[in-house]
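Have a look at the structure below before the remarks.
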Amino acid sequence: VRRRLAGVFRLASTRKNTPFGVRQSAADAQAPPAARGSANNYKMNSDALVQIDHVTFGYDRRRIVLHDMTMSFPRGKVIAIMGGSGCGKTTLLRLIGGMLTPLRGTITFDGEHVNPRDREALFRLRRRVGLLFQFGALFTDLTVFDNVAFPLREHTGLTLTMLRDLVLMKLNAVGLRGAAQLKPADLSGGMARRVALARAIALDPELIMYDEPFAGLDPISLGVAANLIRELNDATGATSLVVSHDVRECFKISDYVYVMSAGRIVGHGTAPEVEASDHEEVRQFIRGEPDGPVKFHYPAKPFAQDLGLRA
């Protein structure tokens, strides 16, 4: 078990002057082999940890959320999944985690089909996956230490001494070993997010999914959280999926980027490639332009008609 601590221990004990310096820039990182552009010309990566093959999902047949999605997430990389609110990013994470069943297409994790109906296989898969919830989702009645220890107590038979060492190493990796006995109510938003991250990596998962990890953070906490995601990925060799609206931070830490709109992939590539895209929806999202193909208003009948006014 001691050997399992090596990756996080190296991270905790070999930092430079900056708290969590990025070791590898997105521009220098190796991207998965793929044609750049729309999802239709994307080629599957045979060495991927997670593969999504022509997946369509809707909560009913009339309201389709994801349309014919094909994506590949290679091992050991940080992959950003970006797009406007309501485009299906969190739904995609739920499909990977087996919480939802696609209408069409397949999702595979390390070569094994993700089937929500096979509970035994699903629990085996989830043992290898860590999830950082959008707002942390800490247990409010437990201390920071007990929040991080929770998955270890549920899924391992570690001795108390070994469990304590492991929890303190995870907390040290996120800079919060000194806050081990605090309650979530005593933490700032950024600190709570880091505790949730320590809990997400407690079992040394092969896949870590981050659902809006930067939401509600001040600029300093945001920068620390972003660099920490990169550092932990490099130290542990995990695959990281980062769902976010934050273009700047995602470009800084990601090896590869997907941009979604209305349940479709409208662009993908390295950060410089996506930034240089001439696709209208990609360009509007990356630049934050108010006018473009992505509309602000949800489809509705004319406002005057709702108010009962005559034209």
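All values derive from a computational prediction rather than experimental measurement. Atom set for the values below is all heavy atoms of this structure, side chains included, hydrogens, waters and symmetry mates excluded.
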Between [X] and [Y], is any pair of side-chain heavy atoms under 4.5 Å apart?
| X | Y | result |
| --- | --- | --- |
| Ile52 | Thr70 | no |
| Ile229 | Asn233 | no |
| Val78 | Leu241 | no |
| Met169 | Arg177 | no |
| Arg283 | Asp278 | yes |
| Val257 | His268 | no |
| Arg194 | Met191 | yes |
| Thr239 | Val50 | no |

To the closest 0.5 Å, what do you measure between [atom1] ([X]) and [atom2] ([Y])?
| X | Y | atom1 | atom2 | value |
| --- | --- | --- | --- | --- |
| Ser188 | Arg193 | OG | CZ | 10.0 Å |
| Leu182 | Thr143 | CG | OG1 | 9.0 Å |
| His279 | Phe285 | NE2 | CZ | 14.0 Å |
| Arg104 | His67 | CZ | NE2 | 10.0 Å |
| Thr236 | Ile201 | OG1 | CD1 | 7.0 Å |
| Asp234 | Arg230 | CG | CZ | 4.0 Å |

For the side chain of [X] and the backbone of [Y], is there at least one donor-acceptor N/O pair under 3.5 Å apart?
| X | Y | answer |
| --- | --- | --- |
| Asn147 | Arg199 | no |
| Thr56 | Asp68 | yes |
| Thr108 | Gly111 | no |

Search all heavy atoms of [X] against all heavy atoms of [Y] and return the closest pair with its distance.
| X | Y | result |
| --- | --- | --- |
| Pro102 | Val55 | CB-CG1, 3.8 Å |
| Met82 | Lys89 | C-CD, 3.7 Å |
| Leu100 | Pro116 | O-CG, 3.4 Å |
| Ala198 | Val174 | CB-CG2, 4.0 Å |
| Val266 | Glu281 | CG1-OE2, 3.8 Å |
| Val242 | Cys250 | CG1-SG, 4.3 Å |

Cluster companions of [X] among Ile, Leu, Val, Met, Phe, Trp, Tyr (side-chain spacing under 4.5 Å):
| X | answer |
| --- | --- |
| Leu142 | Phe139, Phe150 |
| Phe123 | none |
| Leu103 | Ile64 |

Legend entry - Joint hydrophobic cluster, Ile107 plus Tyr59, side-chain heavy atoms closer than 4.5 Å: yes
Could you work out, with salt bridge (Lys or Arg N to Asp or Glu O under 4.0 Å) as the rule, every residue matching [X], not counting sequence neighbours?
| X | answer |
| --- | --- |
| Glu154 | none |
| Asp306 | Lys301 |
| Glu275 | none |
| Asp146 | Arg153 |

Legend entry - Pairs where residues 258-269 contributes a residue and the test salt bridge (charged side-chain N to carboxylate O under 4.0 Å, His left out) is met, not counting sequence neighbours: none
Inset, instruction - Take Gln181 and Phe145, measure what side chain to side chain contact (heavy atoms under 4.5 Å, CB included) needs, and give me the verdict at the end. - result: CA-CA 6 Å; Gln181 297 308 315; Phe145 182 96; 4.1 Å; yes
Legend entry - Ion pair check, Lys170 and Asp204, cut-off under 4.0 Å: yes
Inset, instruction - Indicate yes or no: does Arg75 engage Asp110 in a salt bridge with an N to O separation below 4.0 Å. - result: yes
Inset, instruction - Give me the ring orientation class for Phe73 and Tyr258: parallel if the planes are under 30° apart, tilted from 30 to 60°, perpendicular past 60°. - result: perpendicular
Inset, instruction - Could you please spell out the steps behind the salt bridge (Lys or Arg N to Asp or Glu O under 4.0 Å) verdict for Asp118 and Arg124? - result: CA-CA 10 Å; Asp118 187 343; Arg124 284 200 309 270; 5.6 Å; no
Which atom pairs, donor and acceptor, lie under 3.5 Å between side-chain atoms of residues 90-97 and protein residues at least two apart or in another chain?
| residue | atom | partner | partner atom | Å |
| --- | --- | --- | --- | --- |
| Thr90 | OG1 | Asp211 | OD1 | 3.1 |
| Thr90 | OG1 | Asp211 | OD2 | 3.3 |

Inset, instruction - Might you work through the side chain to side chain contact (heavy atoms under 4.5 Å, CB included) test for Tyr210 and Ser240, ending with a clear yes or no? - result: CA-CA 7 Å; Tyr210 301 87; Ser240 298; 3.8 Å; yes
Inset, instruction - Name all residues meeting the side chain to side chain contact (heavy atoms under 4.5 Å, CB included) criterion together with Val129; count only those two or more places apart in sequence or in a different chain, and write none if there are none. - result: Phe109, Leu125, Leu207, Met209
Inset, instruction - Applying side chain to side chain contact (heavy atoms under 4.5 Å, CB included), name anything that partners Thr106, two or more places apart in sequence or on another chain. - result: Asp53, His113
Legend entry - Exceeds 12 heavy-atom contacts within 6.0 angstrom, atom CG of Leu307: yes
Legend entry - Crowding at CZ, Arg164 (>12 non-hydrogen neighbours, <6.0 Å): no
Legend entry - side chain to side chain contact (heavy atoms under 4.5 Å, CB included) between Val274 and Val282, intermediate numbers included: CA-CA 8 Å; Val274 172; Val282 174; 3.9 Å; yes
Inset, instruction - Let me see the working for Leu122 and Asn115 under side chain to side chain contact (heavy atoms under 4.5 Å, CB included), right down to the final yes or no. - result: CA-CA 7 Å; Leu122 187 61; Asn115 181 9; over 6 Å; no
Legend entry - Asp246: side chain to side chain donor-acceptor pair (under 3.5 Å) partners, not counting sequence neighbours: none
